[in-house]
Protein chains: 2
Amino acid sequence: MATIRDVAKLAEVSVSTVSLALSNPSRVSPKTLERIRQAVAAVGYVADPLAQSLARGRSRMIGFVVGNVGNPFFGDIRRELENYALEHEHFVLITDSSGQTERERALVEHLIGLKIAGLALAPSSFGPDYVAFIQSIKVPMVCFDQKVAGIERDFVGSDNFLAGAMLTEHLLQLGHRRIGFIAGPKHMNTASERYRGFAETMASAGVEVNPKLVVGGLFTRSGGYEAAMRLLIEPERPTAIIGANNAVALAALQAMQELGFSCPDDISLAMIDNIQWSSVITPRITMVVQDTQKLGGIIARRLLHRISNPDAVHEPPQDFVLSPRFVPGNSCKRI
Amino acid sequence: MATIRDVAKLAEVSVSTVSLALSNPSRVSPKTLERIRQAVAAVGYVADPLAQSLARGRSRMIGFVVGNVGNPFFGDIRRELENYALEHEHFVLITDSSGQTERERALVEHLIGLKIAGLALAPSSFGPDYVAFIQSIKVPMVCFDQKVAGIERDFVGSDNFLAGAMLTEHLLQLGHRRIGFIAGPKHMNTASERYRGFAETMASAGVEVNPKLVVGGLFTRSGGYEAAMRLLIEPERPTAIIGANNAVALAALQAMQELGFSCPDDISLAMIDNIQWSSVITPRITMVVQDTQKLGGIIARRLLHRISNPDAVHEPPQDFVLSPRFVPGNSCKRI
DNA sequence: GATATGCATCGAACCGGTTCGATAGGCCGG
DNA sequence: CCGGCCTATCGAACCGGTTCGATGCATATC
C-alpha cells in the first residue's frame with residue numbers, strides 16, 4: 001500500500017501539502033495540484049480510512065442499530081439510509097441488538113469507539129438509566145420508530161394512535177362491537193399509542209371495551225400466540241381481533257387456524273404493520289402500514305444534515321411523525 | 001477520554017509498559033501490574049480500537065457481506081456468526097450489497113480498508129473478473145451459500161442437488177408426472193444444482209421433462225411471477241410446480257390464487273428454502289430447508305479458526321456441504 | 001521605497017496506540 | 001569476585017494520516 005509519504009516524495013512536495021491538496025484542492029496552486037494528482041495516480045494511493053479517522057477524530061461511517069435487521073420495516077429504512085449515505089460518501093454499519101438492551105449498549109459504545117460520524121437508533125428500552133445513556137451520546141444522532149420519554153433527540157416515526165384508531169374505526173363501521181385487542185408492551189410508546197387509538201375510538205363510538213378482550217403484552221410471535229388463544233377460548237369470543245403488530249396478528253391467525261376458526265367468516269382480523277409476502281397469505285389481512293421509505297428518507301436527510309452542519313448541534317431536536325396508510329384486505333367481514 | 005499516557009503517568013511507568021501489561025500481563029511484574037490495573041480503573045481507561053487497529057495493522061472486526069440482510073436465511077447465519085464472534089471478542093460489521101456486484105466490491109474494499117480480521121461473504125457474482133477480485137483478497141475469509149467455480153476459499157453451503165432431488169422424488173411418489181420447475185439464474189450454482197437434482201431425478205424415474213415446463217431464470221418475486229404465469233396458461237398445465245427458491249414459489253402461489261387455481265387441489269406446490277411465517281400461509285408449503293443454524297456455526301468456527309491461527313493460511317480451502325431437510329406441508333396432493 | 005497583505009508551502013506536533021532493541025539490575029555458577 | 005544470563009522496564013520509532021503556526025516570497029498600499 002502506498003502511503004501519503006510516497007506521494008509526497010514523488011511529487012517533490014511535503015506531506016502536509018499532499019494532505020492539503022487532497023482535502024482542500026483550492027488552497028494549492030494549480031501546478032502543484034497537478035503534480036500531486038499524477039503522483040497519486042502513479043503510486044495508486046488511497047488514503048487509509050483508519051489513519052484518517054484517528055487523526056480527524058471522526059470517520060465517515062454511520063451506525064445503524066436496530067433490534068432486528070431481518071424485520072422488513074427496518075430493512076426498508078436501512079436501504080433508504082444506505083442509499084442516501086452513499087450519495088454523500090458515507091458508509092453505513094449495520095448492527096443488530098436482538099432487542100437486548102445490554103447488547104445495544106455494547107454496540108453503540110463500540111460504534112462510538114469507531115468514531116462514527118452519526119448514529120441512527122431504534123431505541124430498545126426506556127427508563128432513567130437508559131435515557132441517561134442515550135443522552136450521554138455526543139455523536140449526531142436520530143432516533144426512530146420508538147419514541148422514548150425523556151430522550152431529547154431528533155425523532156422520526158409514525159402516528160401510532162392514528163394507526164390504532166383507523167383499524168378500530170374500520171371494524172366498528174363493519175358492525176363489530178366485540179373487538180379483541182392483542183397489545184404490545186405497555187412501556188413501548190408504539191404499543192401504548194396503538195392501544196390508546198383503539199380505546200379512545202371505541203369510547204367515542206360509545207362502545208364499552210370488555211377488559212377480558214384486551215390481552216397480550218409482548219410484540220413477539222409466542223406472546224401473540226398465547227394471547228390469541230386466551231381470546232379464542234373466551235366464552236364471549238370477539239367477532240374481530242386487532243393485532244397491535246404484525247407478529248402478534250399472524251400468531252393470532254395461526255391460532256385461529258389451529259382451532260378451526262375461519263378468518264374472516266368466524267372472526268375478522270386486522271393488524272398494524274406490513275409483512276413480507278403479505279399478499280400470499282390467505283386471507284389478505286387488512287392492515288395499517290407505515291411509509292417506511294419516507295421514514296427512511298427523513299432519517300437519512302436529518303442525520304446527514306446534522307453530520308455535515310457542525311452548527312446543527314445547536315438546532316433543537318425535532319419530531320417527525322408520519323401518518324400511516326390504511327390497506328384493505330379481505331380479512332374483515334361485515335356483520 | 002483517558003489515554004494510555006494518562007495511565008502511564010498515574011502508575012509511574014512508561015507507556016510501553018502499560019501497553020505490554022495490557023496485552024501480555026505475564027510479562028510484567030505482579031506489583032507493577034497491580035499498579036497499572038489500579039491506574040486503569042482510576043482514570044477509566046479503555047483502549048481506542050482505532051489506534052490499536054492502526055498500530056497493529058488489523059482490527060477485531062469481522063465483515064459480513066450478503067445480498068439481502070433481510071432474508072431470514074442470511075439472518076440466521078448472521079446471528080450464529082455474531083454470537084460466536086462475540087464469545088471470541090470479535091465484532092461483526094454487517095453490510096448489504098443489494099445483490100449488486102459493484103456495491104459488493106465497494107463494501108469489501110471498504111471493509112478491508114478498515115483492516116477487518118476476517119470476512120464472511122455470500123458471493124453475488126461469477127466469472128473471471130469476479131473470481132480474480134475475490135482471489136486477490138488477502139484477509140482470512142469464508143464464502144458461503146453460493147459456490148463459485150474458480151474461487152479457492154473455504155466454502156460452506158448446502159447440497160442443492162439433493163434439495164432439488166428430494167422435492168422431485170416426493171412429487172413423483174405422489175403420482176405426479178407433469179411437474180413444472182421454476183428455475184433460478186443458470187450461472188448461480190445453487191440454482192443450477194437444484195435444477196440438476198430435478199432433472200436427474202426425473203430421468204432416473206424414466207419421466208420425460210417437457211421443456212416448456214421449465215421456466216424462469218431469476219430468483220426474484222417478479223421473475224417468479226412471470227414464470228409461474230407462463231406455466232399456468234400452458235395448455236398442458238403441470239399438476240405440480242417446484243419453485244427453486246422461496247421467492248419464486250410464493251410468487252407462483254400468488255399467481256395461482258389470482259387465476260383461481262386452488263393449491264393443492266388443482267396444482268401442487270413445493271419449494272426450496274424456508275420463509276418467515278411459512279406456518280400461517282395457506283396451504284403450508286412442502287419444502288426443503290437448509291440448516292441455517294448449523295451453516296452459521298460452521299462459517300463462524302471456520303472463520304475464527306483462520307483468524308486466530310496465523311498458520312492456517314497454509315491450510316487448503318475446504319468445502320462444507322450440509323444436507324437439507326425435508327419439511328412436509330399440505331401443498332402437495334396425491335393424484 | 002518601506003510596510004502591509006496574501007498566498008503557497010513546509011515542519012513539527014499530534015491522534016493513541018504497538019513493538020523492538022537497548023538498558024539496568026538481580027541472581028546464578030565458576 | 002566476576003562474567004553471563006534473565007527479567008523488568010524503558011525510549012524511540014512507527015502505523016498513516018491531519019492541522020496549525022511559521023516561513024518565504026510576491027504583490028498591493030501609502
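Sequence lines set the chain letters: A, B, ... in the order given, protein chains first and strands last, and positions in each chain run from 1. Atoms considered below: every heavy atom in the structure, side chains included; atoms not considered: hydrogens, waters and symmetry mates.
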Q: Check side-chain hydrogen bond (donor to acceptor under 3.5 Å, both in side chains) between A:Arg306 and all other residues, then give those that pass, not counting sequence neighbours.
A: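 Testing A:Arg306 for side-chain hydrogen bond (donor to acceptor under 3.5 Å, both in side chains), a comparison that skips the adjacent residues, returns A:Asp154.
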Q: Under a criterion of less than 4.0 angstrom to any heavy atom of chain A, what are the 5'-terminal and 3'-terminal contacting nucleotides of DNA chain D?
A: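 Listing 5' to 3', DNA chain D meets chain A from D:dG16 to D:dT19.
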Q: Hey, does B:Thr3 reach any base, or is it just sugar-phosphate, or nothing, if we go heavy atoms under 4.0 Å?
A: sugar-phosphate
Q: If you look at every strand shown and take non-hydrogen atoms under 4.0 Å, does A:Ser19 touch a base, only sugar-phosphate, or nothing?
A: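 Here A:Ser19 touches the bases of the nucleic acid.
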Q: Going by atom types only, do B:Glu34 and B:Gln38 share a side-chain donor-acceptor pair under 3.5 Å?
A: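 Yes.
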Q: Can you give the donor-acceptor pairs under 3.5 Å from side chains of residues 307-317 of chain A to other protein atoms, not counting sequence neighbours?
A:
residue	atom	partner	partner atom	Å
A:Ser308	OG	A:Leu304	O	2.5
A:Glu315	OE1	A:His305	NE2	3.4
A:Glu315	OE2	A:His305	NE2	2.9

Q: Within 45 degrees of the axis of the six-membered ring of B:Phe133 and under 6.0 Å from its centre: does B:Arg105 put its NZ or CZ there?
A: yes
Q: With a cut-off of less than 4.0 Å, is there a side-chain N or O of A:Thr17 near OP1 or OP2 of C:dT9?
A: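 No, outside the criterion.
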Q: Heavy atoms only, 4.0 Å cut-off, all strands: where does A:Leu50 land among base, sugar-phosphate and nothing?
A: nothing
Q: Give A:Val15 one of three labels, base, sugar-phosphate or nothing, depending on what nucleic acid heavy atoms sit under 4.0 Å from its own.
A: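 Counting heavy atoms under 4.0 Å across all strands, the contact made by A:Val15 includes a base.
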Q: Give me the distances for all protein-to-nucleotides 22-26 of chain C N/O pairs that come in under 3.5 Å?
A:
none

Q: Please figure out whether B:Ala51 or B:Val28 has its closest DNA chain D nucleotide nearer the 5' end.
A: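 Final value for this comparison: B:Val28.
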Q: Which part of the nucleic acid, if any, lies within contact of B:Val7, taking any heavy atom under 4.0 Å across all strands shown: a base, the sugar-phosphate backbone alone, or nothing?
A: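 Result for B:Val7 = nothing.
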Q: Does a donor on one side chain and an acceptor on the other come within less than 3.5 Å for B:Ser29 and B:Thr32?
A: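 Result is yes, a qualifying pair exists.
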Q: Please check if the side chain of B:Ser98 supplies one atom and the backbone of B:Gln100 the other of a donor-acceptor pair under 3.5 Å.
A: no
Q: Among side-chain atoms of A:Gln135 and A:Tyr130, is any donor-acceptor pair under 3.5 angstrom?
A: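 Side-chain D/A pair, A:Gln135 to A:Tyr130: absent.
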Q: Using every non-hydrogen atom in the two residues, find where B:Met188 and B:Phe219 come nearest and quote the distance to one decimal.
A: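 Nearest pair, atom of B:Met188 first, then B:Phe219: CE-CD1, 4.0 Å.
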Q: What is the distance, to the nearest angstrom, from the CD1 atom on A:Ile4 to the P atom on C:dC10?
A: 12 Å
Q: Side chain of B:Ser158, backbone of B:Gln290: donor and acceptor closer than 3.5 Å?
A: no
Q: What is the bend of the helix from C:dG1-D:dC30 to C:dG30-D:dC1 when you compare the axis at one end with the axis at the other, using five pairs each and rounding to 10°?
A: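 Roughly 50°, once rounded to the nearest ten degrees.
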Q: For the backbone of B:Val142 and the side chain of B:Arg302, can you confirm whether one donor and one acceptor N or O come within less than 3.5 Å of each other?
A: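 Side chain of B:Arg302 to backbone of B:Val142: no pair is present.
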Q: Tell me every residue that passes side chain to side chain contact (heavy atoms under 4.5 Å, CB included) with B:Ala120, counting only those two or more places apart in sequence or in another chain.
A: B:Phe64, B:Leu81, B:Phe144, B:Ile299, B:Leu303
Q: Go nucleotide by nucleotide along DNA chain D from the 5' end; which of B:Arg56 and A:Leu22 gets its closest nucleotide reached first?
A: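 Its nearest nucleotide lies further toward 5', so the answer is B:Arg56.
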